[in-house]
Amino acid sequence: SEDNSVTNIYGNPDLKVNYESFILDAYFYFDKGITFNLRDGNFRSAHIYSKLDQQTIEKFKSEF
């Protein structure tokens, strides 16, 4: 499945969140500035952003 290829390529995510209401698993790679969303192990979308500062990362992580 593609979820294995995400971790094979990018390593373990800094944060993995299951959004049950959207049926998505999100893999957050804060240092790389990318988040992958997968549904049933298949890619749905990728979000690319500027690297976040540590305070913002910790605040975001604390929401989960």
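Small disclaimer: the values here were computed from a predicted structure and weren't measured.
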Legend entry - Spatial distance of atom CG (Asp25) from atom OH (Tyr19) [nearest 0.5 Å]: 10.5 Å
Inset, instruction - Identify the two heavy atoms, one from Asp31 and one from Lys51, that lie closest to each other, and give their separation to 0.1 Å. - result: OD1-CE, 3.7 Å
Legend entry - side chain to side chain contact (heavy atoms under 4.5 Å, CB included) partner of Phe30, the single match among Leu52, Asp53, Thr56: Leu52
Legend entry - Any Phe36 side-chain heavy atom under 4.5 Å of Pro13 side chain: no
Inset, instruction - Measure the OH-CG distance between Tyr27 and Asp14 for me, rounded to the nearest 0.5 Å. - result: 13.5 Å
Legend entry - Rounded distance [0.5 Å steps], CD1 in Ile23 versus CG in Leu38: 13.5 Å
Inset, instruction - State which residues pass ring-ring contact (aromatic ring centres under 6.0 Å, His included) with Tyr29; sequence neighbours excluded, sorted by chain then number. - result: Tyr10
Inset, instruction - With rounding to the nearest 0.5 Å, note down the distance linking NZ in Lys32 to CD1 in Ile9. - result: 11.5 Å
Inset, instruction - Please check if any side-chain donor atom of Thr35 sits under 3.5 Å from a side-chain acceptor atom of Tyr49, or the reverse. - result: yes
Side-chain donor-acceptor distances from residues 57-64 under 3.5 Å, at least two apart:
from  : atom 1 : to    : atom 2 : distance (Å)
Glu58 : OE2    : Gln54 : NE2    : 2.7
Ser62 : OG     : Lys59 : O      : 2.7

